[in-house]
Novice: 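Have a look at this one.
All residue numbers refer to positions in the sequence shown, counting from 1. What's counted below: heavy atoms across the whole structure, side chains too, no hydrogens, waters or symmetry copies.
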Amino acid sequence: MKNNLLQLAAVSAALISSGYAPQTADACSRVCYHGADSTYVVARCLDWKTPIPTNLYVYPAGIQKVSSNQPGAISWTSKYGAVYAVGYDGGITEGMNEKGLVVNGLFCKGTVYSNPDTEGRPPMSLAMFVGWLLDLNATTDECIEVLKKHDFNIGGATFDGGTVSALHWGITDASGHSVIVEFDNGEIKINEMGDIYAMTNDPQWPSMSAIVNYWDKVGGMNFLPGSVSSPDRCVRANYFAHHVEAVSDPDLAVSIARSVLVCSCVPYTYLIQGEPNVSSTQWRSYADIKSRRYFFDIVTNMGYYYIDLKKCDLRPGAPIMKLDTSKETKLIGEANQAMFKSPGFTPMY
């Protein structure tokens, strides 16, 4: 008991030093379900205090893009087709490419993107960062090699009345290899997730992994932290991801991943008196990497649906396709037929 109390005190100190406040619910949870026979499902929820309209776009390979509208921007031609979730029709929140690489952006208040050494590097807009990784890389290791070069300076527009997009990213590929990418005072930190299957928001990964490891020793069969705080959500998602059945059936795998994620979501319209920054879950996504299906689950809809990338035309020269989620509120199951040809989204550089 004494050792447990000492460990808990150490964890509490880490939380205080990281600026964690018990009554604050930041935004978003992400969990990777490890099934059987190389089945992996990356499930995430987007939580925010005001609506973030999000549409789905499928981009084929072979499209020329730029990282920013500022001088010296990076330009590239996409090697791989991908499905993107695009917030405000202006910035890529997350997505999955045809090779099964999945990248998700989650809020992290401790993020500092730049320092004096990075300010002269080519500009990289947050609106395009996820797309840049998905367009040019097939694996997590390839992303790591690109990021280690750090030959860019990342930044982007504010949103929702001036909120800074302070983010960190989870990356998972078809092998199940997962990392978390964070910016710490302008330095890129690449954290191997190893045997931890979940991520949320604050604190940054070194402190968060210490919290998760503490609770892993405590055990969760009879007791788990139950608040909507970021560490509590991370602990719950990780525990259940380790203690559900590993299956190979793709439909059941997505259902299991969905049920694990819901345990760490914030109920829609939930509020804490006197805490204006509590964020309830707006939508969830489930990337079935093996089947190349990207599911989208808006909490106010009657059901959820998916884009089957294997049935999309991702060849160079194929059209960009869009699914307008505000108009397709009754979709259930495969939603490829609901997409239509569209111009690309306009980045909010």
Novice: Could you tell me whether R258 and D297 make a salt bridge, using a distance below 4.0 angstrom between a side-chain N and a carboxylate O?
Specialist: yes

Novice: Who pairs with V66 by side-chain contact (heavy atoms from CB on, under 4.5 Å), at least two apart in sequence or on another chain?
Specialist: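 V66 satisfies side-chain contact (heavy atoms from CB on, under 4.5 Å) with S75, Y349 once adjacent residues are dropped.
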
Novice: Given a cutoff of under 4.5 Å between side-chain heavy atoms of I, L, V, M, F, W and Y, with clusters grown through shared members, what are the other residues clustered with V299?
Specialist: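 Besides V299, the cluster holds Y268.
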
Novice: Applying salt bridge (charged side-chain N to carboxylate O under 4.0 Å, His left out), run through K149 and D151 and close with a yes or a no.
Specialist: CA-CA 5 Å; K149 297 176 184 177; D151 51 1; 5.8 Å; no

Novice: Going through the checks in order, is the ring pair (Phe, Tyr, Trp, His ring centres under 6.0 Å) test met by H150 and F152?
Specialist: CA-CA 6 Å; H150 200 176; F152 58 89; 5.2 Å; yes

Novice: If you apply the rule side-chain contact (heavy atoms from CB on, under 4.5 Å), what do you find for H177 with Y40, and how did you get there?
Specialist: CA-CA 10 Å; H177 182 195; Y40 301 100; over 6 Å; no

Novice: Sequence neighbours left out, what passes side chain to side chain donor-acceptor pair (under 3.5 Å) with K99? Give chain and number order.
Specialist: none

Novice: Charged N to carboxylate O below 4.0 Å: is that the case for R315 and D313?
Specialist: yes

Novice: Between D135 and K65, does any side-chain N to carboxylate O distance fall below 4.0 Å?
Specialist: yes

Novice: side-chain hydrogen bond (donor to acceptor under 3.5 Å, both in side chains) between D89 and Y57: does it pass, once the steps are laid out?
Specialist: CA-CA 9 Å; D89 261 355; Y57 285 81; 3.0 Å; yes

Novice: Is R284 positioned over the aromatic face of F295, cation under 6.0 angstrom from the ring centre and no more than 45 degrees off axis?
Specialist: no

Novice: Quick one: side chain to side chain donor-acceptor pair (under 3.5 Å) partners of S114, sequence neighbours excluded?
Specialist: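 Scan of S114 (side chain to side chain donor-acceptor pair (under 3.5 Å), adjacent residues dropped) gives N153.
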
Novice: Going by ring-ring contact (aromatic ring centres under 6.0 Å, His included), Y84 matches just one of W132, F296, Y59, Y294. Which one?
Specialist: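 In the set W132, F296, Y59, Y294, the residue that makes a ring-ring contact (aromatic ring centres under 6.0 Å, His included) with Y84 is Y59.
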
Novice: Just so I know, are the side chains of Y33 and L261 near enough to count as touching, which here means a heavy-atom distance under 4.5 Å?
Specialist: no

Novice: What side-chain hydrogen bond (donor to acceptor under 3.5 Å, both in side chains) pairs are there with at least one residue in residues 328-344, not counting sequence neighbours?
Specialist: K311-E334

Novice: Rounded to the nearest 0.5 Å, what separates atom OG1 in T54 from atom CG in L323?
Specialist: 12.0 Å

Novice: Going by the rule side chain to side chain donor-acceptor pair (under 3.5 Å), which residues pair with T111 if we only count those two or more places apart in sequence or in a different chain?
Specialist: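 If we apply the side chain to side chain donor-acceptor pair (under 3.5 Å) test to T111, skipping adjacent residues, there are no hits.
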
Novice: Could you go step by step and tell me if D232 and S227 meet the side-chain hydrogen bond (donor to acceptor under 3.5 Å, both in side chains) rule?
Specialist: CA-CA 6 Å; D232 283 10; S227 82; 2.6 Å; yes

